[in-house]
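Each remark here refers to the structure printed beneath this line.
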Amino acid sequence: METRYIFVTGGVVSSLGKGIISSSLARLLLARGFSVTIQKFDPYINVDPGTLNPYEHGECYVTEDGYEADLDLGHYERFTDIRTSRASNVTTGRIYQSVINKERRGDYLGKTVQVVPHITDAIKNAVKHLGASEKYDFVITEIGGTVGDIESLPFLEAVRQLRWELGGRCVCVHLTYVPYIRAAKELKTKPTQHSVKQLQQVGIQPDVLVLRTEMEIPEGMLRKVAQFCNVSENAVVQSVDAPSIYEVPLLMHDQKLDNIILEKTGTPYSGEPDLTAWNQYLSLLHEAKDEVKIALVGKYVELQDAYKSIDEALLQAATYNGHKAHICYVSAERLHDGNVDELLSGMDGVIVAPGFGQRGTEGKYSALKWCREHDVPTFGICLGMQSMVVEFARNVLGMDAANSAEMDPDTPYNVIDLMEEQKTITYMGGTMRLGSYDCHLQSGTKVAEAYGCSDIKERHRHRYEFNEKFRAQFEAAGMKCVGENPETHLVEVVEIPSLKWYVGTQYHPEYSSTVLHPHPLFMSFIRAAIENKK
């Protein structure tokens with residue numbers, strides 16, 4: 001069949017959960033046997049989120065082909081098991097950059113370059129390219145931001161044009177907010193009406209409305225919204241706050257959102273979606289009574305989305321091990337030798353988070369020294385793994401001034417050093433070691449046992465690496481380099497075999513953990529933490 005296109009827009013306020021609705025819809029269509037892919041357009045001018053501070057944008061997610069992407073791509077992958085790519089996340093900056101590069105090359109043959117048609121054509125091509133790159137039944141495109149934002153206008157104009165060009169193969173799902181005014185004890189639909197009106201003003205009539213709400217919306221109010229917004233009554237669904245985001249696909253199916261989409265795009269279907277495995281996961285999630293307490297030590301612990309993929313990977317692994325993950329966020333900045341015992345002594349396991357820069361590193365060293373000496377299951381990721389190396393050098397190898405060259409370029413013991421290919425790089429954006437690389441694991445190690453194999457591929461995002469010239473000293477003292485890139489011999493994994501579970505990975509395993517396929521390293525770590533609790 002010809003590819004169908006679903007556009008998901010948002011109104012009233014941001015952070016309503018367009019990514020969760022898009023991911024839930026993708027999950028339902030996949031469960032019906034359709035092939036689906038998913039992408040997000042972000043209206044900001046940064047070329048990608050790679051140079052954005054987590055305070056600005058939360059976690060930066062990395063695709064297998066090495067693109068630094070919006071964190072919603074993590075939701076897409078966790079819900080669907082689809083591997084996203086650089087085609088799955090397009091920013092205003094990237095669109096303008098491509099158009100300006102064409103203009104500089106003379107591709108437009110002297111024509112005046114304008115928002116319409118040149119920018120909008122580039123946006124449309126990005127949508128259609130994803131559908132054409134591999135024959136998909138459905139392409140779901142989330143438009144970031146809120147209807148009414150100046151920066152969203154070129155994307156909405158492109159959607160308007162595509163709706164005319166694609167006809168019945170295209171639907172628009174508009175997610176909006178119905179607030180509850182506590183003083184009046186009333187739900188209010190006026191913000192939704194205004195939002196739809198703004199969408200209509202740019203030439204787009206939504207086919208489906210998803211009303212985000214904290215309270216159940218009465219049937220009469222749903223009919224009122226349908227009437228005022230020119231949407232059929234059966235195409236107004238509500239998304240009430242759920243205990244877990246992973247329940248949203250079921251809530252949407254209960255209201256027949258997938259059926260509505262299939263009918264509006266003229267797609268033949270029969271029966272019900274196969275959500276057996278999904279329901280099994282939710283059953284485990286609800287049935288889990290015991291808690292496993294994990295401390296996450298990082299410098300962005302006050303931010304909800306800074307470590308989103310790690311949080312979800314821990315939740316998934318704990319669920320499959322019959323436990324609830326109780327994540328305790330510990331500020332690396334406020335952690336030191338004097339309070340580390342008080343903050344970590346009740347924990348079943350500790351994760352030392354990734355990041356960049358000096359802030360909070362000394363606190364990470366204090367945490368790691370305590371974990372190593374108290375034999376608490378410990379997982380270091382990226383900078384967390386590098387911090388393991390520095391702490392071991394200082395406190396076991398006697399190199400008091402050991403450090404990463406990132407933190408102290410003049411350290412005499414640069415146990416973590418800038419990668420050779422990074423030394424001539426001056427631009428910051430998209431220039432790190434990014435994406436999926438091969439790794440060979442030593443057999444008989446905890447990591448090889450966790451994966452069940454010796455050869456793996458994992459995603460990277462870093463500039464600095466373990467300094468090979470110190471390798472023999474570390475190995476002799478008990479920290480083994482048990483995983484390395486087969487081509488470059490870059491150390492990927494360190495492990496202290498004499499401890500219960502003390503593992504550091506230069507790569508980011510959290511990016512690959514999904515609801516139906518939890519990551520084996522997180523599964524192994526959580527098992528060790530549960531064992532430690534006993």
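For E77, the salt bridge (Lys or Arg N to Asp or Glu O under 4.0 Å) criterion is met by R83, R459, not counting sequence neighbours. Taking D149 as the reference, nothing meets the salt bridge (Lys or Arg N to Asp or Glu O under 4.0 Å) condition, with sequence neighbours excluded. Qualifying side chain to side chain donor-acceptor pair (under 3.5 Å) partners for D290, counting only residues two or more places apart in sequence or in other chains: none.
Remark: E103 does not engage K111 in a salt bridge, criterion side-chain N to carboxylate O under 4.0 Å. Under the 4.0 Å criterion applied to side-chain N and carboxylate O atoms, E510 and R78 are not assigned as salt-bridge partners. Salt bridge D207/R163: present, at least one basic N to carboxylate O contact under 4.0 Å.
Without hydrogens or angle criteria, S239 side chain to R212 main chain gives no donor-acceptor distance under 3.5 Å.
Aromatic ring centroids of F34 and Y136 lie 6.0 Å or more apart.
Inspection of the T514 and D81 side chains reveals an N or O donor paired with an N or O acceptor under 3.5 Å.
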Set out, in order, the CA-CA distance, both residues' side-chain angles and the distance that settles salt bridge (charged side-chain N to carboxylate O under 4.0 Å, His left out) for D348 and K293, then state yes or no. CA-CA 5 Å; D348 305 316; K293 284 181 80 171; over 6 Å; no

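Of the candidates Y451, Y511, Y320, Y451 is the only one forming a ring pair (Phe, Tyr, Trp, His ring centres under 6.0 Å) with H519.
Ring geometry for H75 versus F79: interplanar angle over 60°, hence perpendicular rather than tilted (30 to 60°). Using cut-offs of 30° and 60° on the angle between ring planes, the pair W278 and Y246 is perpendicular.
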